[in-house]
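What follows is a short report on a single structure.
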2 protein chains.
Amino acid sequence: MNQTTPLRHPIPDQLVELIAQRFRVLGEPMRIKLLDRLREGPATVGELVEATAASQQNVSKHLRVLLEAGIVSRAREGNFARYAIADEAVFRLCEEVCGGLRAQFAELKALIEEGTAR
Amino acid sequence: MNQTTPLRHPIPDQLVELIAQRFRVLGEPMRIKLLDRLREGPATVGELVEATAASQQNVSKHLRVLLEAGIVSRAREGNFARYAIADEAVFRLCEEVCGGLRAQFAELKALIEEGTAR
DNA sequence: CAATAACACAACCATTTAGTTGTATAGATG
DNA sequence: CATCTATACAACTAAATGGTTGTGTTATTG
């Protein structure tokens, strides 16, 4: 499980749409922050509000997006709603992105140092 | 190389921004299509226009976004501009996303079959 | 049952952005 | 040098989306 299988080519339009949609869900700083907090473990909306320093309504809205994308899960507990990561794969995605960022910065750094060294 | 290293927690705001930005670049069907075509190998703008059935200006615009993100590279050849994948990691990202999608669909399918079986 | 607490939903506004139209630039070609 | 071809750039429009404000809903509590 969790191994990636190669993509057919060309990727069918519907799948292209789904892929882009998933990326778009993650293309929002607030949602990344929420996921980052949920990495610690499940949390209620109030806890997430505190962690992100955003309004309750805003947090609720972004959680809905993440929920509909199947990235988080919701469980009602009395008056509270406890959200949790439903798809651990998102963290592999983030790490992969960070790896790419690191590589790019390393390249830039090398260029700058080469440029200033003489 | 290319191994992902674990993310610190909490992820600093600036990094959150960068991560989201990278995802946002990929959160666009046309750009996914362009990358999918470039998976075959480098291509000129004209070839990409043909592959995506979009306007030259639109393709050019999206290529610019991909270029600025460092995901593709550009090389002028006479009158032509040849674009190529600069960061192969994007395909691992796409495959990871597809893996997640497959898992979700499998779950849905199981739910539906359980629901209709009786 | 009234009041409160936690969360969700809806309407609105401002910003962003994808796509188009029109035009500019740069290199090839006669 | 004039022209054509390939590409990039700029301005505009329409649609999508993030954030706020206001309100609804559900469950707890006195």
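Proteins get letters first, then strands, A, B, ... in listed order; numbering begins at 1 in each. Given the structure is predicted, the values throughout are model-derived calculations rather than measurements.
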Would you call E113(A)-K109(A) a salt bridge at under 4.0 Å N-O? yes
Which is more 5' along DNA chain D, the nucleotide nearest A81(B) or the one nearest R76(A)? Just name the residue. A81(B)
Describe the nucleic acid contact of R74(A) in one word from base, sugar-phosphate, nothing, applying a heavy-atom distance below 4.0 Å. sugar-phosphate
Please give, in whole Å, the distance from dA16(D) C1' to K61(A) NZ? 11 Å
Is any N or O donor-acceptor pair between the side chain of Q57(B) and the base of dG19(C) shorter than 3.5 Å? no
Does R37(A) use its side chain to pair, donor to acceptor, with the backbone of T52(A) at less than 3.5 Å? no
Verify the contact: side-chain N or O of Y83(A) to OP1 or OP2 of dA8(C), cut-off strictly under 4.0 Å; return yes or no. yes
Decide yes or no, distance alone: a donor-acceptor N/O pair under 3.5 angstrom between the base of dA8(C) and the side-chain of Q56(A). yes
R74(B) (side chain) donor-acceptor with A81(B) (main chain) under 3.5 angstrom: no
I'd like to know if K33(A) pairs up with D36(A) as an ion pair, taking the criterion as any Lys NZ or Arg NE/NH1/NH2 lying under 4.0 Å from an Asp or Glu carboxylate oxygen. no
Please give me every residue in residues 24-51 of chain A whose heavy atoms get under 4.0 Å of an atom in DNA chain D, ordered by residue number. R24(A), E28(A), R31(A)
When the distance from CD of E77(A) to P of dT28(D) is rounded to whole Å, what number comes out? 11 Å
With a 3.5 Å cut-off and heavy atoms only, can you find an N or O donor on one side and an acceptor on the other between the side chain of N79(B) and the base of dT5(D)? yes
When you measure from the side-chain N and O atoms of S60(A) to the phosphate of dC7(C), is any distance below 4.0 Å, counting only OP1 and OP2? no
With the threshold set at 4.0 Å, does a side-chain nitrogen-carboxylate oxygen contact exist between E68(B) and R64(B)? yes
Expected output: side-chain S60(B) to main-chain Q56(B) donor-acceptor under 3.5 Å: no
Would you mind reading off the distance between H62(B) atom NE2 and dA8(D) atom C1', rounded to a whole angstrom? 15 Å
